[in-house]
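One structure is given here, and the rest of the page talks about it.
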Amino acid sequence: MKPGLILRAALVLLLLALVLKPGLFEPVFAPFAPENGPVIYSRSSLLSLSLSHLGLVAAASLAATLVAVTLAILVTRPAGAAFRPLSRTITNVGQTFPPVAVLALAVPALGFGAGPTLVALFLYGLLPIFENAMTGLSTLPPTTMEAARGIGLDRRQRLLRVELPLAAPVILAGIRLSVVIALGTATIGSTVAARTLGEVIIAGLLTSNTAFVLQGGLIVGLFAVLIYDALVQLEKHLARRMGRG
């Protein structure tokens, strides 16, 4: 078995153990817990928090992908080229405002819970996907596009059968970056009562329990590493299929 596969399998097993059997790691985290204080976070199920965390990230990333890719398609058409500066300004909004500020602005309108967190993750994830989608759609091989026109494909067929498949690896690179950013940023959602792994970290900060902070941070970090790696492998696979890598 290749070393890379062994490492991935080990990280997956470590993540599953941390989420499903956290008590196994009590000796590891004990030195970081307060004297006579709890070592393992047990107020909520870590599995439930993990699934909720991943669900928020998935929903926000899917929405950001749909909006950003659609916008990139529109501004890379001749009729929409004039709107490219405006579209960049719109997608930059999420990067201009810190996620905490977005949460503060969204809570009065949406209330506490998952809503403000979804808005913050959505806005924060737009820019990398949009920029990569626009780059991928703007740098397609001219000979391929001419061949597509030559065989009689109309604009819609060229977009669906040629442009998007060829640009997919570049678009996926933007999605990968957006998802990893969202995985870390989602932790602040617990400050507005969203169910995320940030609940574990915040509980540790409020009680000066470093063991909780390490526990929550390690789980989020492992999710980020594994999802990043999975998307990298998918990106390489698509690049090989499309002959762009």
Side-chain angles (χ1 to χ4, degrees), residues 53-77 80-106 114-141 159-160 163-189 194 196-198 217 219-242 244-245:
H53 189 109
L54 293 175
L56 286 172
V57 170
S61 298
L62 178 60
T65 298
L66 291 174
V67 172
V69 172
T70 300
L71 193 57
I73 291 172
L74 293 176
V75 300
T76 52
R77 308 301 98 177
F83 297 97
R84 188 172 297 189
L86 176 61
S87 63
R88 275 204 167 103
T89 301
I90 293 173
T91 55
N92 263 305
V93 168
Q95 302 289 333
T96 303
F97 289 95
V100 174
V102 177
L103 287 177
L105 293 172
T117 306
L118 283 170
V119 171
L121 296 181
F122 167 76
L123 292 176
Y124 220 55
L126 282 174
L127 183 62
I129 302 174
F130 172 74
E131 289 292 345
N132 276 52
M134 196 166 61
T135 299
L137 292 169
S138 301
T139 58
L140 298 171
L159 174 65
L160 297 178
E163 295 181 53
L164 286 177
L166 283 174
V170 182
I171 296 173
L172 188 58
I175 295 173
R176 166 166 49 89
L177 177 58
S178 179
V179 168
V180 171
I181 291 173
L183 280 166
T185 307
T187 56
I188 67 170
T196 74
L197 288 163
I219 294 173
V220 173
L222 284 172
F223 273 126
V225 168
L226 290 169
I227 291 174
Y228 182 92
D229 179 68
L231 291 175
V232 165
Q233 299 308 313
L234 179 57
E235 183 185 331
K236 289 179 178 178
H237 173 72
L238 289 175
R240 285 194 298 268
R241 287 193 60 183
M242 295 300 118
R244 301 196 71 179

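FYI, the numbering just counts along the sequence from 1. Predicted, not measured: the structure shown is a model, and the values here were computed from it.
- Summarising the geometry of Pro169 relative to Leu166, their closest heavy-atom pair is CD-O, 3.4 Å, with the distance given to 0.1 Å.
- Contact check for Val57 versus His53: side-chain heavy atoms found under the 4.5 Å cut-off.
- For the pair Ile171 and Asn132, the minimum side-chain heavy-atom distance is 4.5 Å or more.
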Test side chain to side chain contact (heavy atoms under 4.5 Å, CB included) applied to Phe83 and Leu74, step by step: CA-CA 9 Å; Phe83 297 97; Leu74 293 176; over 6 Å; no

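- Across every non-hydrogen atom of Ala194 and Thr117, the tightest pair is CB-OG1, 3.4 Å.
- The one candidate from Leu56, Val220, Leu54 that meets the side chain to side chain contact (heavy atoms under 4.5 Å, CB included) condition with Thr196 is Leu56.
- Under the 4.5 Å side-chain criterion, counting only non-hydrogen atoms from C-beta, Arg88 is not in contact with Val75.
- For the side chain to side chain contact (heavy atoms under 4.5 Å, CB included) with Leu183, the lone residue among Val225, Leu121, Ile227 that qualifies is Ile227.
- A 4.5 Å side-chain heavy-atom check between Ile129 and Ser61 finds every atom pair outside the cut-off.
- Taken to the nearest 0.5 Å, the CG atom of Leu103 stands 10.5 Å off from the CG atom of Leu118.
- The CG atom of Leu86 lies 4.0 Å from the CD1 atom of Ile90; values are rounded to the nearest 0.5 Å.
- Evaluated for a side chain to side chain contact (heavy atoms under 4.5 Å, CB included) with Leu172, the options Thr65, Leu234, Leu177, Val232 yield exactly one hit, Leu234.
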From CA spacing to verdict: side chain to side chain contact (heavy atoms under 4.5 Å, CB included), Leu164, Ile73: CA-CA 9 Å; Leu164 286 177; Ile73 291 172; 4.2 Å; yes

Leu197 vs Phe223, side chain to side chain contact (heavy atoms under 4.5 Å, CB included): CA-CA, chis, key distance, verdict: CA-CA 11 Å; Leu197 288 163; Phe223 273 126; 4.1 Å; yes

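- Annotation for Phe122 and Ala60: closest pair N-CB, 3.9 Å, computed over non-hydrogen atoms.
- Under a 3.5 Å cut-off, the side chain of Ser178 and the backbone N or O of Gly174 do not form any donor-acceptor pair.
- Residues Thr76 and Ser138 come closest through the heavy atom pair CG2-OG, 3.5 Å.
- With values rounded to the nearest 0.5 angstrom, Leu71 atom CG is found 10.5 Å from Arg84 atom CZ.
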Verdict with supporting geometry, Gln233 and Asp229, side chain to side chain contact (heavy atoms under 4.5 Å, CB included): CA-CA 6 Å; Gln233 299 308 313; Asp229 179 68; 3.6 Å; yes

